[in-house]
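Proteins come first, then strands; the chains are lettered A, B, ... in the order of their sequence lines, and each starts at number 1.
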There are 4 protein chains.
Amino acid sequence: MDWSFRNDLPIYAQLVERLKLGIVTGELTPGARLPSVRELAAEAGVNPNTMQRALTELERAGLVYAQRTAGRFVTEDTAVIAASKTAMAESRLRDFLTAMKKLGYDRDGIAALLTEKKEEQEHADTGM
Amino acid sequence: MDWSFRNDLPIYAQLVERLKLGIVTGELTPGARLPSVRELAAEAGVNPNTMQRALTELERAGLVYAQRTAGRFVTEDTAVIAASKTAMAESRLRDFLTAMKKLGYDRDGIAALLTEKKEEQEHADTGM
Amino acid sequence: MDWSFRNDLPIYAQLVERLKLGIVTGELTPGARLPSVRELAAEAGVNPNTMQRALTELERAGLVYAQRTAGRFVTEDTAVIAASKTAMAESRLRDFLTAMKKLGYDRDGIAALLTEKKEEQEHADTGM
Amino acid sequence: MDWSFRNDLPIYAQLVERLKLGIVTGELTPGARLPSVRELAAEAGVNPNTMQRALTELERAGLVYAQRTAGRFVTEDTAVIAASKTAMAESRLRDFLTAMKKLGYDRDGIAALLTEKKEEQEHADTGM
DNA sequence: GTGGTCTAGACCACC
DNA sequence: GTGGTCTAGACCACA
């Protein structure tokens with residue numbers, strides 16, 4: 001995992017984002033035991049409390065559960081994970097579309113931009 | 001103009017965003033005179049200092065210029081406005097694509113989501 | 001407000017409980033500004049962080065909202081408050097009924113206990 | 001017996017609760033021999049130490065007694081069992097009433113809620 | 001050793 | 001002065 005931080009968002013929120021990503025992409029498999037708070041904190045280079053806060057947030061979202069003294073585990077409920085993933089994607093998509101619409105782009109304009117970007121990318125790919 | 005504020009961004013930043021939007025969408029036409037800081041602040045229901053900061057930001061971006069005593073005006077340089085608009089759009093697009101890619105969506109997946117969304121929208125439109 | 005704490009529940013949770021109670025009972029009126037985190041913390045005799053955690057919880061529940069630098073306010077949405085109140089009552093009721101049922105009491109048994117308690121109470125009242 | 005655990009109470013306390021319930025409801029008859037700690041622990045899926053602690057608690061409460069090598073037995077003193085049962089019920093009742101009173105419900109309000117709940121239940125029963 | 005809680009104290013952007 | 005974030009370090013019950 002890369003534990004680099006931007007400065008446009010609180011660290012704990014970025015930790016949440018990062019861990020969520022790890023779960024929905026399968027990097028952290030359902031049922032897997034997470035390292036202890038202290039270990040994760042050390043790995044990420046943050047205070048244990050900060051990491052704790054992030055994990056508490058994940059617990060609230062149902063992506064992780066804590067067991068008294070055994071540690072924390074990724075939920076086995078793959079439905080929850082899948083729902084979380086699509087929710088994240090839809091949210092991104094919705095935000096993107098409304099922002100673009102506010103800027104005066106309609107669906108065709110957006111589609112044009114996308115294909116344009118795509119071609120750029122392909123040229124860059126072949127060029128590398 | 002709607003002057004409602006979210007809680008995830010400083011107010012002055014939201015003011016900048018809102019005014020920028022007004023300019024690039026033509027709601028505020030090139031060369032138009034802006035209301036005074038006091039008036040704008042009153043309209044938006046914010047502290048004049050906060051509005052002031054937003055306008056200063058817009059000046060730095062070259063979208064607005066001040067004339068000693070006459071007030072502030074939207075730039076007449078339509079090229080600057082157009083550039084600002086495409087810059088905003090590209091930035092949105094880039095952020096969106098990288099976020100989706102992190103979530104495991106490739107170009108085809110994104111395209112699928114977009115068309116899906118489009119159909120939803122159309123059904124909603126016809127249904128209303 | 002009485003800020004006494006039991007030791008069967010984390011302090012922050014008791015703070016949440018106490019403040020929630022204040023809101024649903026109208027002790028804290030809709031739209032009212034709460035004292036600052038620091039003031040509340042001093043009044044309750046806890047660390048500001050602990051009070052902050054409680055208030056964050058209330059915010060998540062929609063009973064309180066924060067405004068950038070102006071302070072925190074009780075929600076004006078009385079529907080949310082009413083819903084919260086009935087939710088609390090129903091939850092208490094449900095817990096009570098299931099617990100009694102597990103103990104082997106049916107509805108009639110519970111009703112009997114209630115009227116018995118009521119009479120006790122009345123005798124105590126007249127006796128005072 | 002169902003040995004599922006919540007997360008809001010230490011496991012040993014939940015074990016005590018569960019076993020107490022078994023005794024006061026007669027599921028575990030007076031004088032009956034309990035399985036060994038090891039067996040109980042295995043059945044409940046907990047550490048033997050944890051189950052041991054729960055049983056010790058029950059002994060202190062006088063609901064269970066140990067005989068050197070023969071094992072543990074449910075008390076034959078039905079008076080103790082009955083007293084334990086009413087104590088549990090009264091405690092539940094008292095807690096419930098004070099909580100509801102704090103929420104602003106008087107006896108009539110509580111009675112109303114109860115009958116309301118009762119009707120709901122009956123409709124659900126007949127409806128199934 | 002694990003998660004959970006709490007304190008103390010600091011820094012920050014914002015208004 | 002306000003809310004928000006973060007660190008450091010401590011203590012606790014639990015298993």
Checklist entry - So does D/D8 have more than 12 non-hydrogen atoms from other groups sitting under 6.0 Å from CG? => result yes

Checklist entry - If you count the non-hydrogen atoms of other residues, nucleotides and ligands that lie under 6.0 Å from CZ in D/R38, is the total more than 12? => result no

Roughly how many Å is it from [atom1] in [X] to [atom2] in [N], rounded to a whole number?
| X | N | atom1 | atom2 | value |
| --- | --- | --- | --- | --- |
| A/E39 | E/dG3 | CD | C1' | 13 Å |
| C/E57 | E/dG4 | CD | P | 13 Å |
| B/Q14 | E/dC15 | CD | C1' | 14 Å |
| A/Y65 | E/dT2 | OH | P | 17 Å |
| B/N7 | F/dG3 | CG | C1' | 10 Å |
| C/D8 | E/dG4 | CG | C1' | 16 Å |
| B/M51 | E/dC14 | CE | C1' | 16 Å |

Item to check | First of A/P48 and C/G71 reached from the 5' end of DNA chain F, by closest nucleotide | outcome: C/G71

Next on the checklist: Checking B/T29 now: which residues fulfil side chain to side chain donor-acceptor pair (under 3.5 Å) with it, not counting sequence neighbours?
Outcome noted: none

Checklist entry - What residues, two or more places apart in sequence or in another chain, satisfy side chain to side chain donor-acceptor pair (under 3.5 Å) together with C/E59? => result none

Item to check | side-chain N/O A/Q52 vs E/dG4 OP1/OP2, d < 4.0 Å | outcome: yes

Next on the checklist: Show, in sequence, the C-alpha distance, side-chain angles and deciding distance for A/L28 and A/M1, and conclude whether the side-chain contact (heavy atoms from CB on, under 4.5 Å) test is met.
Outcome noted: CA-CA 11 Å; A/L28 296 170; A/M1 286 212 181; 3.9 Å; yes

Checklist entry - Starting at the 5' end of DNA chain E, what dot-bracket string do you get if Watson-Crick and G-U pairs under 3.5 Å are bracketed, crossing pairs use [ ], other-strand pairs use | and unpaired bases use dots? => result ||||||||||||||.

Checklist entry - With sequence neighbours excluded, what pairs up with C/A79 under the side chain to side chain contact (heavy atoms under 4.5 Å, CB included) test? => result C/D77

Mind listing the side-chain donor-acceptor pairs of residues 85-92 of chain A below 3.5 Å, one per line with the distance, residues two or more places apart or on another chain?
residue, atom, partner, partner atom, Å
A/T86, OG1, A/A82, O, 3.4
A/T86, OG1, A/A83, O, 3.0

Item to check | Close side-chain approach of D/L15 and D/L40, heavy atoms under 4.5 Å | outcome: no

Next on the checklist: For nucleotides 8-15 of chain F, give me one character per nucleotide, 5' to 3': B if any protein heavy atom sits under 4.0 Å from the base, S if the only such contacts are to the sugar-phosphate, - if neither.
Outcome noted: BB----BS

Next on the checklist: Between A/Y65 and A/E76, is there a side-chain donor-acceptor contact under 3.5 Å, judged purely by atom types and distance?
Outcome noted: yes

